[in-house]
Structure formats: C-alpha cells, structure tokens
Undergrad: 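Before anything else, here's the structure in question.
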Amino acid sequence: MNGVMLSQGLRSPMRHLAGLRRAKAISTSIVHNETIFVKNNDEFVNKVMNNDKPVIVNFHAEWCEPCKILTPKLKELIEPLNNLDLAVVDVEDNAELVHTFEVKAVPAVIAIRNGLIVDKFIGLVDADMINNLIDRMSGKKKDGA
Amino acid sequence: MAPIDGTYDYDLAVLGGGSGGLACAKEAINQGAKVAVLDFVTPSPQGTKWGLGGTCVNVGCIPKKLMHQAALLGEAIHEAVAYGWQVPSVDQVKINWSSLTEAVQNHIKSVNWVTRVDLREKKIEYINGLGSFKDPHTIIATLKNGSQKELTAKNIVIAVGGRPHYPDIPGAKEYCISSDDIFSLSNPPGKTLVVGAGYIGLECAGFLNSLGYSSTVLVRSVPLRGFDQQMAGMITSEMEEKGVKFHHRCIPVSVEKLETGQLRARWLNTETKEQGEDIFDTVLLATGRYALTEQLNLKAAGVNVLSENGKVVAETEQTNVPHIYAVGDVLEGRPELTPVAIHAGRLLARRMFGGASQLMDYDNVATTVFTPLEYGCVGLSEEQATQRYGADNLEVYHAFYKPTEFFIPQRNIRNCYLKAVALREAPQKILGLHFVGPVAGEVIQGFAAAVKCGITMEQLVNTVGIHPTVAEEFTRLNITKRSGKDPNPASCCS
C-alpha cells in the first residue's frame, strides 16, 4: 500500500522472528507451489520467514464471510506463480502469530520478503489492489511509488 | 506486568468472562492492576457450548437481536409488495434455518475472537477454566481436561451470571431445549412449544412464529411478570394476532418423545385443573434463570450473603468479605441486563483501583422486550408508581397511535400504544415511560437520558416532535386516563 509499512518491518515482536531467520541457515526447497497452511510458529518461520521467495500471508477465519471470498481468490492468483508463495494462517489456530502481526481484523494480508513486512492490508479489497500487490511481489512491477 | 501488591499472583481475579466481568477487568487494567479472567461454559443438557463473552454475546442479546431482525425482514418482504416492490413468488418466500444459524454463529465467533484478541492486547490473563474458591484469596480453576490451576488474588469479582432453569418434570433435561440451544439448533425448530412467558419466552416465540415456525406459549401466571401489565397485555395481544397461541395459567407436566421423533407435551391448567397436550417438534423451556453461585464453593471464601434464589446480596457490589465483590446477573434484585453489568463493573473497578467513589445507579434503567412488535420502557410501571405514590397522586397520559408506514401494507395498529406515568402535582415529574411499537428500543433510549435529568410532563409536551416518527408521539401526549377521553387518534398531524 505505502512505504509506511516498511519501517514496521523490524519492530520488536518481529525482531524475534527475524532473529530466528538469521540463526537458521537452511535453504527452503519448496518444489511444488501449493499454498502453505500454517499450523504453528515453527512452520511459519521455516516456510515464510526463511523462504527465498516473497510470501503473501493471508490471515483467515472460517467464520468470516469476506475471508471466504478473498482466500480462494488469492489461491487462484498465486498458485500458478513460481516466484511467489501464499501462506494461509487460520487465526483460531495461531494466536501468537495474530498477536505478533497485530492482526485485529480479518481478512488481513501481509506481504513478506526476506523476513520483512513490505505491505499490509486489512479487509476485503478489490481485485485491482490484490493484482497490484501480487504483481509487485512477484517482480512484475517496481516496488514502492 | 507485576501486580501492584506483591503478595498475590493478581491484583484482581474475575470469575466470569461475560458483560460484567470483562468490563470490570478491562477497566482494572486501565487503572494499572494485574488481572486474570476465568471463563468456562458448562455444556447445556443438550450439549451446547460456546466461547468467551458470556451470555449476551453467545446465547443472549446478540443472537436474539439477530433472529429478531431476521423475523422483521421476513415480514418486511411481504410489506414491500404493498409499496410496489415486485417480489417474485412472494408466497413461497421461506427462511433457511441453517443459513440463519450459520450467519448468526459466524458473527458470534467473530465476537469471541475479537474479545480474546482484546484481552491479549490488554495483557489480561485469560484462563478457560471453572473457578471455585479454595480460601478467601485463592481460586482453583478446573480446566476442560480436568487439570487444575491455582491462583491467588488480592481482589475477586464474582461475575458468573446465570443459566436457564429446568423445571423438575419428566423429559425436561432429556428432550427440551433452552435459550442456550435455540440459536445454534442444528435442525429447524418446527412446531414449537415455549414454556414460560417472561421476556425470553416471548421473544423466542415471537421470532420463531415470524420465521414460520408455529409457536405456542404456556403462561404460568402472567406474561412479563414484573413489567407493566397493561403493556404486557398489548404485547401478547399482538403476538396472538400474529398467530402465536397462548395457554394461560398452565404449567408443564411432562414431555415425552414419540417414535416419530416428535415430542408430546402435557400441561395442567392450574385454575380449571384441565389437562392439555399437543405434539411438537421442539419444546423450549424459558422458565427463569438461576445464578451460578453453587459451584463457586463460597463457603471456603467466607461469603455468606446469598439470597433464597442463590443470588449474591451486595448493595454496592461488595459482599460480606471486603475484598470479594459481585457484578451482573449474579446480583440479587438488580436488572439482569448487559449495560447494567458493564456500567457497574466499570464503576466497581474504578472504586477498587482508581480511588473513585461513584456508585452504580440502578434506578431508571431503560429496557426493551424485542418481541416482533417491541416494548420499550424506562422508570416505573403504572403498578409500581401506584403502589409507591397512590393513584390520587399520579397522572397517566396515554395514546394509541398509527405509524405512517403501517397504512400502506395495512399493518395492525391496534397495539401501537404509549403512556407516561407522572406525578399529578405540577410540574408533573415523569416516573415512567412505556412504548409499544416498532423500534421501541431506539425510541426509548433518548428518553432514558431525559428521565435521568428529571424530565417533567411540562417539559415533554413543550418538546417539539420530529415528524413523521413514532417517537414524536411522546411529545403529543395530552389525554389522561383520569379524563376518560378516547385515547385513539383522530388523524395525523393536528
């Protein structure tokens, strides 16, 4: 959305996760491009924070109607791409991640590259915004403007 | 966050994560206290349970209002035709019970979640366990898996609320449901018997009937006992005119399950001694609520101020044990309403930790019964005012009215009525306002503030109304009961 989010990248709750990224020097070799369904913090660190590719993280809840529209849409747009991943975090199962990323409403979408938050939006946004974000994250468009 | 007083784990432990408990906890945190909230839902006899937030959020105000709204929308679809809307096959418009309950439950879950996130943000410790006292400062929380957790607190607030009471008749617990279950019922309720004519029973019978589920109500004594009886009569008349059947002076005798899966309910008319029975798909018990004080083991805490019905007697929310308090539905003699619990809980926290001294004012609390035609009121009923001041010292102004929007669809206006109960002597201070009509809750709210300011009839009739509304009828009151004049309106606007 705008550059403001960049400065939030290394705020204290993120520092812990960013620290973990430096400590673990594994390379992720996700051969298939299926959506990552995050079940716990470790999985998040391994597959999102430590991912070579940028990741769109979608905070989702089963009881949230707009989520039921957005999540399938994100899957549809991101699964075919091989330089961008999608991670879905169910807010009921991942209370700590919800707290870390200060998610106060769903759906929430956070774009992460190299372990840093580079963009964030809350609520069901229109197709243009979603496509824009995906294009930027997958390198089709230049960042920041 | 370290507790202010290092002797105990917490400065405040709140038993019950409902309206009162959470409001108290959140205000206490604002005042710098270290707070823990215990919340646990024992499944209903039918197995229903729910998340954090208490009765209001899960099985009370919120789902009730949503279902009431669903019922009103159903009625509106039919009225729309009179206004010119071309609704295809309007006679085949039906409610999909699963869609309704799913939408309602999804909303409730979102509130549960926001509540939990909020507690986490505010650093209030949330323990999903059933609390009971080990000693005056120690609570044992029993978690779902049976394990126990002990915690000590300098102050403790009992905000455990209540649950539906089940009459001691065969078949009650086995086959009947309560308000705990209706809002998440997996199958459509079908033909329903509602036992009880308090506001819970009437509201449920009201929306079920409007949604298309034939409803019958068993009334033990009078409907809406404790409320103004003339207004209660208007509400039940309206419901009868909409098709709800009432059996007055009847108590339930038994409920048995038939091979078809339906239920045969038997009742007894206590006046005529006649027995009655019928077959229903669902029997919903709404025969009162009881406070959840028994499971607290109050003896261990030294709290001995329980009333006959198990509620806590605490004028200023403080029990006989100075550091143990109570707030919400668990209190004896106080309105069992969410805003009352919230307000009292907040003021209590300010007195406990903020050095404040303001006490909760339980007088002139406005409320509304959300039957399809709603009843809103604030202040004294005519009976209460008569008892307190004597009929000679009162002046009751009243009127029937006709909402503008009702004409075109020819909606029933017979029960659109309002009255003001005031002192007879000038300037005629208003003691109570009563209104039956659409959006009664919205109408009465503003007047509640006026009553708090001591509004008089002189001031009321000198208030210029907003036209066309139903609320303006209060400003048009001019006929007294005493005069014997016809309170029916001649025309609008003059």
Side-chain angles (χ1 to χ4, degrees), chain A residues 5 8-17 37-42 44-45 48 57-75 87-110 117 120-125, chain B residues 1 17 22 25-26 29 35-39 41 48-53 56-59 62-63 65-67 69-70 73 96-129 143-144 183-186:
Chain A
M5 291 302 157
Q8 291 183 348
L10 280 173
R11 272 224 249 123
S12 68
M14 285 292 294
R15 244 175 240 142
H16 172 69
L17 289 171
F37 288 95
V38 179
K39 298 276 182 304
N40 53 58
N41 283 4
D42 282 344
F44 190 81
V45 170
V48 179
V57 182
N58 169 223
F59 286 83
H60 170 99
E62 279 306 302
W63 37 256
C64 164
E65 278 306 311
C67 294
K68 294 198 189 144
I69 298 171
L70 180 64
T71 304
K73 188 76 196 162
L74 289 173
K75 277 196 210 157
V88 176
V89 176
D90 189 312
V91 296
E92 299 277 2
D93 301 331
N94 293 280
E96 267 190 53
L97 287 174
V98 165
H99 185 65
T100 301
F101 289 93
E102 300 175 333
V103 173
K104 300 212 175 79
V106 274
V109 172
I110 296 179
I117 299 177
K120 181 175 182 177
F121 64 75
I122 312 279
L124 182 60
V125 293
Chain B
M1 187 194 282
L22 292 178
K26 291 182 197 175
I29 278 277
V35 183
V37 167
L38 280 77
D39 188 72
V41 179
T48 311
K49 15 188 234 278
W50 49 88
L52 180 63
C56 172
V57 168
N58 295 286
V59 288
I62 304 291
K65 189 82 191 287
L66 295 175
M67 294 216 165
Q69 178 66 5
L73 288 171
N96 180 318
W97 179 257
S98 302
S99 303
L100 172 59
T101 49
E102 194 184 322
V104 169
Q105 290 305 313
N106 279 347
H107 175 66
I108 292 172
K109 290 197 181 96
S110 76
V111 178
N112 295 143
W113 181 72
V114 168
T115 308
R116 280 204 318 277
V117 166
D118 199 24
L119 289 190
R120 229 197 147 118
E121 296 275 316
K122 296 189 153 76
K123 301 206 199 317
I124 296 174
E125 174 92 20
Y126 160 51
I127 299 165
N128 188 207
L143 310 181
K144 198 163 70 167
F183 303 111
S184 54
L185 206 58
S186 34

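None of the values given here were measured: they were computed from a predicted structure. A note on names: the letters A, B, ... follow the listed sequences, proteins ahead of strands, and every chain is numbered from 1. In what follows, every heavy atom counts, from backbone to side chain, and hydrogens, waters and symmetry copies are set aside.
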Undergrad: State, to 0.1 Å, how close Val103(A) and Val117(B) come at their nearest heavy-atom pair, and which atoms those are.
TA: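 Residues Val103(A) and Val117(B), closest heavy atoms: O-CG1, 4.2 Å.
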
Undergrad: Applying side-chain contact (heavy atoms from CB on, under 4.5 Å), can you list everything that pairs with Leu143(B), at least two apart in sequence or on another chain?
TA: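 For Leu143(B), the residues satisfying side-chain contact (heavy atoms from CB on, under 4.5 Å) (neighbours in sequence not counted) are Ile127(B), Asn145(B), Ser147(B).
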
Undergrad: Write out the donor-acceptor pairs between chain B and chain A under 3.5 angstrom, atom names and distance to 0.1.
TA:
from      : atom 1 : to       : atom 2 : distance (Å)
Arg116(B) : NH2    : Glu92(A) : OE1    : 2.8

Undergrad: So for Ala95(A), is it side chain, backbone, both, or neither that comes closer than 4.5 Å to the heavy atoms of chain B?
TA: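 Its backbone and side chain both get close to chain B.
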
